[in-house]
2 protein chains.
Amino acid sequence: MYTILLEHIRKYVAITDDEAGLICSKLKVTAIKKKAFLLIPGKVCKANYFVSKGLLRLYFINKKEQEQITQFGLECWWITDYDSLDTQKPSGFYIQAVEDAEVIAWTQETQAELTHAIPQLETYFRKILQRAYTAAQRRIVYILDYTDEERYRLFSTSYPGFLQRVPQYMLASYLGFTPQFLSKIRAKK
Amino acid sequence: MYTILLEHIRKYVAITDDEAGLICSKLKVTAIKKKAFLLIPGKVCKANYFVSKGLLRLYFINKKEQEQITQFGLECWWITDYDSLDTQKPSGFYIQAVEDAEVIAWTQETQAELTHAIPQLETYFRKILQRAYTAAQRRIVYILDYTDEERYRLFSTSYPGFLQRVPQYMLASYLGFTPQFLSKIRAKK
DNA sequence: CTCATTTCTTAATCCTGATTAACTTTTTGC
DNA sequence: GCAAAAAGTTAATCAGGATTAAGAAATGAG
């Protein structure tokens, strides 16, 4: 089902039904099973992935040999390693399904073909990126201004439903601390 | 002098000399003195600023009542509070000149007028934002994977020239620790 | 040139969250 | 349904940086 992507695009730019048809004709939906990978280190990232169903995570192995999650990809989020996608160099990241999921792969060829035919898509991606960049900046602000405990409490009140969908150790990793510490602050109250 | 902006645009997209002329006709260069502000909290951010000369900083006052720098803006970087610019809500940030500087203000009206006439500008900004987003992601990776001391050493070997241009307390703020700690690790070797 | 302000340094103490390790509970695969 | 693996808990010890406070050095304005 591409409807979810088309609806998302139409939240940002106006496209005709013909244009929508063209977009669909160039895309395919890929199902990925829980724990399957879309990208592993050493490989070049081949697409920007629109999550139409389920939940993915982007992570790398840090200096302490532990998984460090940098991003989750929920429904209607784009997830990719832009650095690898742009430079065509091998990635250092994993992209993995946390739940059974479906993604729409948007390759560089898709980008070239479709933005040529539908210039508004360039605007769509500019707006999406501006939103993503703003979110990344806000995340940096939170990291700099709040303690780990404060960030956990903020996160869990802001996204209570999300807590049910990920193991605690993944949330701890995303927030930048250890599962033990998360247990400790959960026990406190 | 707009040449520096035109050159920057031409690194990403092709524009004709006529288009370049149109761009220049809509813009003006603003000089700002060291310590002067382009934005203060409570005001709506009015433009995206291209730094054509000098050095700016983006910062906010954190919960401990201290200046927290989130970004520096060197020559050829764009600097703004995208959140405020996009939503037209009051900003929580300061944008201030660290050295005497010159900026080219790119307002929402400029954006509307010029991207209508020159669609490649949409591509230019998409690419700029993709680069900025990638840099923000990389910064998050560094924060999560390195200690404060490691990040200082990495930064000072990566950008030795930049160290001469900012007071140490500003670098400490940007890197997320105290000036005292910076003194301490500098003394170590 | 001089005084005032800004920036930088040093050191003692304190706090947040990491590490280690053992154990419990839950989930998964066959 | 059961064994094995994965996920979560608890507690003791440890480390990286913050805080506080005082003084030294550099910069700037008149």
Side-chain angles (χ1 to χ4, degrees), chain A residues 32-37 54-55 57 59 61-69 72 94 96-100 140-156 162-189, chain B residues 33-37 54-55 57 59 61-69 72 94 96-100 140 142-156 162-189:
Chain A
I32 45 170
K33 285 264 175 227
K34 183 171 175 172
K35 294 194 180 171
F37 293 94
L55 174 62
R57 61 172 179 156
Y59 71 93
I61 303 297
N62 67 16
K63 297 211 304 319
K64 295 171 189 161
E65 308 271 276
Q66 287 160 347
E67 293 175 359
Q68 175 61 62
I69 297 174
F72 287 109
Y94 297 85
Q96 187 191 34
V98 174
E99 305 168 350
D100 288 350
I140 290 171
V141 166
Y142 283 142
I143 293 175
L144 293 168
D145 200 14
Y146 292 87
T147 65
D148 288 357
E149 177 167 1
E150 288 170 332
R151 281 209 318 291
Y152 166 71
R153 302 217 181 272
L154 201 60
F155 190 94
S156 55
F162 188 74
L163 292 198
Q164 316 312 128
R165 293 177 67 176
V166 288
Q168 280 178 208
Y169 75 91
M170 285 193 194
L171 181 59
S173 169
Y174 176 75
L175 291 175
F177 49 75
T178 60
Q180 291 89 328
F181 181 65
L182 182 46
S183 259
K184 192 166 160 184
I185 58 184
R186 270 166 54 86
K188 268 170 66 175
K189 202 195 60 94
Chain B
K33 286 265 177 225
K34 183 171 175 172
K35 295 194 180 172
F37 293 95
L55 173 63
R57 62 172 180 155
Y59 71 94
I61 302 298
N62 68 15
K63 295 211 305 320
K64 296 172 190 159
E65 308 272 275
Q66 287 162 348
E67 294 175 358
Q68 175 61 61
I69 296 174
F72 287 109
Y94 298 85
Q96 186 191 34
V98 174
E99 305 169 350
D100 287 351
I140 290 172
Y142 283 141
I143 292 174
L144 293 169
D145 200 15
Y146 293 86
T147 64
D148 289 358
E149 176 166 2
E150 288 170 332
R151 282 209 317 291
Y152 166 71
R153 302 215 183 273
L154 200 61
F155 190 94
S156 57
F162 187 75
L163 292 199
Q164 314 314 127
R165 293 177 68 177
V166 287
Q168 279 177 208
Y169 76 90
M170 286 194 193
L171 181 59
S173 170
Y174 176 75
L175 292 175
F177 49 75
T178 59
Q180 292 87 329
F181 182 65
L182 181 47
S183 258
K184 192 166 159 184
I185 58 185
R186 272 166 52 87
K188 270 171 64 174
K189 200 199 59 96

Summary of protein contacts for nucleotides 24-30 of chain D, nucleotide by nucleotide, where a base hit scores B, a sugar-phosphate-only hit scores S (4.0 Å, heavy atoms): -------

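- Not counting sequence neighbours, B:Asp145 has no partner by the side-chain hydrogen bond (donor to acceptor under 3.5 Å, both in side chains) test.
- With a 4.5 Å cut-off on side-chain heavy atoms, A:Leu144 and B:Asn62 do not count as touching.
- Between B:Tyr59 and B:Phe37, the ring planes are tilted. Angles from 30° to 60° get that label.
- Distance CD/B:Glu149 to CZ/B:Phe181: 5.5 Å, rounded to 0.5 Å.
- Ring geometry, B:Tyr174 versus B:Phe72: the interplanar angle falls from 30° to 60°, so the pair is classed tilted.
- Qualifying salt bridge (charged side-chain N to carboxylate O under 4.0 Å, His left out) partners for A:Lys35, counting only residues two or more places apart in sequence or in other chains: none.
- Interatomic distance, OH of A:Tyr94 versus CD of A:Glu67, reported as 8.0 Å (0.5 Å rounding).
- For the pair B:Gln66/B:Thr178, no side-chain contact is recorded, criterion being any heavy-atom separation below 4.5 Å from C-beta on.
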Determine, for nucleotides 6-24 of chain C in 5'-to-3' order, which nucleotides have protein heavy atoms under 4.0 Å from the base (write B), from only the sugar-phosphate (write S), or from neither (write -). -SSBB------SSBBB---

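- Straight-line distance from the CG atom of B:Leu175 to the P atom of D:dA18: 11 Å, rounded to whole Å.
- For the helix from C:dC1-D:dG30 to C:dC30-D:dG1, the end axes, each set by the C1' atoms of five terminal pairs, are bent relative to each other by 70° (nearest 10°).
- A:Lys63 is listed as a side-chain neighbour of B:Tyr146, based on a closest heavy-atom distance under 4.5 Å.
- Nearest heavy-atom pair, B:Lys33 versus B:Ala97, reported as atom, atom and distance to 0.1 Å: O-CB, 3.5 Å.
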Protein-nucleotides 3-5 of chain D N/O pairs closer than 3.5 Å?
none

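- Between A:Ile61 and A:Gln68, every side-chain heavy-atom pair lies at or beyond the 4.5 Å cut-off.
- Side chains of A:Phe155 and A:Leu163 form a contact here, defined as non-hydrogen atoms less than 4.5 Å apart.
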